[in-house]
Amino acid sequence: MNPVYARIWQTTLQIPAGSVASYGQIADLSGLPGRARLVGKAMGLAPKTMQVPWFRVLRADGKIAFPAGSELAEKQKGQLQEEGVVVLNNRVKLREFQWQPDLSELLFKLSY
DNA sequence: AGGTTGACAAGAC
DNA sequence: TGTCTTGCCAACC
């Protein structure tokens, strides 16, 4: 598969349960600044066997990317709530739940 | 080669 | 805050 997608998936895999990240944040942490939209694409293409926590990735304002009430939005909300993330009006308070990785540790984990 | 599309982001009000 | 506009950039026509 496309190595760029593989890198995005690996970065997403580092988001701990109970935390969320934005598409742009994952792009940056993957060494792909300015490519938030590509991250969205990669989430959709992630092989299920890889267990990529796509549901922990939200828009920069904390909103779920899918239309409120849609099947995917509801599914994402459910998965987030299962791990304690509060979702109100299709949105999560980033101030409270956004992942703030230790960069050196992240670099180490992504290096193998 | 040029136009369109998107699981986006940031700024203006 | 919610809505709108503009900027972005790879992937597809």
Side-chain angles (χ1 to χ4, degrees):
Chain A
M1 212 2 160
N2 188 328
V4 170
Y5 290 152
R7 181 160 184 81
I8 291 171
W9 296 331
Q10 288 305 319
T11 303
T12 305
L13 245 1
Q14 308 305 318
I15 307 172
S19 295
V20 299
S22 73
Y23 294 94
Q25 182 182 5
I26 294 302
D28 289 345
L29 294 173
S30 301
L32 302 165
R35 278 170 252 188
R37 302 183 99 119
L38 189 62
V39 172
K41 193 89 60 183
M43 291 303 99
L45 294 174
K48 200 160 192 293
T49 56
M50 229 173 136
Q51 306 261 69
V52 175
W54 58 270
F55 56 88
R56 295 183 189 138
V57 186
L58 310 169
R59 286 174 122 139
D61 60 3
K63 283 196 277 188
I64 286 177
F66 307 108
S70 66
E71 188 175 347
L72 279 171
E74 288 304 305
K75 178 179 176 186
Q76 183 165 11
K77 179 172 72 174
Q79 302 250 356
L80 287 171
Q81 293 180 328
E82 275 181 40
E83 48 188 56
V85 175
V86 179
V87 183
L88 283 181
N89 297 318
N90 221 41
R91 182 182 351 170
V92 170
K93 284 189 183 179
L94 294 186
R95 287 294 167 47
E96 201 171 343
F97 297 103
Q98 185 166 39
W99 180 38
Q100 290 171 0
D102 178 85
L103 295 181
S104 61
E105 179 186 356
L106 180 65
L107 179 60
F108 172 72
K109 288 185 174 175
L110 289 176
S111 67
Y112 68 99

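Side-chain atoms are counted along with the backbone in the values below, which use heavy atoms only and exclude waters and symmetry mates.
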Just the atom pairs and distances: protein N or O near nucleotides 6-10 of chain B's N or O, under 3.5 Å.
{"from": "dG6(B)", "atom 1": "N9", "to": "R37(A)", "atom 2": "NH2", "distance (Å)": "3.4"}
{"from": "dG6(B)", "atom 1": "N7", "to": "R37(A)", "atom 2": "NH2", "distance (Å)": "3.4"}
{"from": "dG6(B)", "atom 1": "N3", "to": "R37(A)", "atom 2": "NE", "distance (Å)": "3.1"}
{"from": "dA7(B)", "atom 1": "N3", "to": "Y23(A)", "atom 2": "OH", "distance (Å)": "2.8"}
{"from": "dC8(B)", "atom 1": "OP1", "to": "R59(A)", "atom 2": "NE", "distance (Å)": "3.3"}
{"from": "dC8(B)", "atom 1": "OP1", "to": "R59(A)", "atom 2": "NH2", "distance (Å)": "3.4"}
{"from": "dC8(B)", "atom 1": "N3", "to": "R37(A)", "atom 2": "NH1", "distance (Å)": "2.6"}
{"from": "dC8(B)", "atom 1": "N4", "to": "R37(A)", "atom 2": "NH1", "distance (Å)": "2.5"}
{"from": "dC8(B)", "atom 1": "N4", "to": "R37(A)", "atom 2": "NH2", "distance (Å)": "3.1"}
{"from": "dA9(B)", "atom 1": "OP1", "to": "G24(A)", "atom 2": "N", "distance (Å)": "2.8"}
{"from": "dA9(B)", "atom 1": "OP2", "to": "A60(A)", "atom 2": "N", "distance (Å)": "2.6"}

Tell me which donor-acceptor pairs under 3.5 Å the side chains of residues 70-77 of chain A have, and how far apart each pair is, sequence neighbours excluded?
{"from": "S70(A)", "atom 1": "OG", "to": "P67(A)", "atom 2": "O", "distance (Å)": "2.7"}
{"from": "S70(A)", "atom 1": "OG", "to": "A73(A)", "atom 2": "N", "distance (Å)": "3.3"}
{"from": "E74(A)", "atom 1": "OE1", "to": "K77(A)", "atom 2": "NZ", "distance (Å)": "3.3"}
{"from": "Q76(A)", "atom 1": "NE2", "to": "F55(A)", "atom 2": "O", "distance (Å)": "3.0"}
{"from": "Q76(A)", "atom 1": "NE2", "to": "V57(A)", "atom 2": "O", "distance (Å)": "3.2"}

Residues 18-25 of chain A, side-chain donor-acceptor partners within the protein, below 3.5 Å, at least two apart:
{"from": "S22(A)", "atom 1": "OG", "to": "Q25(A)", "atom 2": "N", "distance (Å)": "3.0"}
{"from": "Q25(A)", "atom 1": "OE1", "to": "S22(A)", "atom 2": "N", "distance (Å)": "3.2"}
{"from": "Q25(A)", "atom 1": "OE1", "to": "Q98(A)", "atom 2": "NE2", "distance (Å)": "2.9"}
{"from": "Q25(A)", "atom 1": "NE2", "to": "W99(A)", "atom 2": "O", "distance (Å)": "2.9"}

Side-chain donor-acceptor contacts of residues 28-37 of chain A below 3.5 Å, not counting sequence neighbours, with atom names and distances?
{"from": "S30(A)", "atom 1": "OG", "to": "T11(A)", "atom 2": "OG1", "distance (Å)": "2.9"}
{"from": "S30(A)", "atom 1": "OG", "to": "I26(A)", "atom 2": "O", "distance (Å)": "2.7"}

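In the 5' to 3' direction, nucleotides of DNA chain C lying under 4.0 Å from heavy atoms of chain A begin and end at dG2(C) to dA11(C).
Here the side chains of I64(A) and L58(A) are in contact, with some heavy-atom distance below 4.5 Å. A 4.5 Å side-chain heavy-atom check between N90(A) and F66(A) finds every atom pair outside the cut-off.
When every heavy atom of A42(A) is checked against every heavy atom of Y5(A), the shortest pair comes out as CB-CD2, 3.6 Å.
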Given Watson-Crick or G-U pairs with both distances under 3.5 Å, what dot-bracket string fits DNA chain B, with | for other-strand pairs and [ ] for crossing? .|||||.||||||
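By the side-chain contact (heavy atoms from CB on, under 4.5 Å) test, E82(A) is found to be paired with no residue, residues two or more places apart in sequence or in another chain being considered.
Here side chain to side chain donor-acceptor pair (under 3.5 Å) pairs that include residues 39-64 of chain A, with residues two or more places apart or in two chains, are R56(A)-E83(A). For the salt bridge (charged side-chain N to carboxylate O under 4.0 Å, His left out) condition, no pair includes a residue of residues 89-104 of chain A, sequence neighbours left out.
Linking Ile, Leu, Val, Met, Phe, Trp and Tyr residues whenever their side-chain heavy atoms come within less than 4.5 Å leaves V4(A) and L107(A) in two separate clusters.
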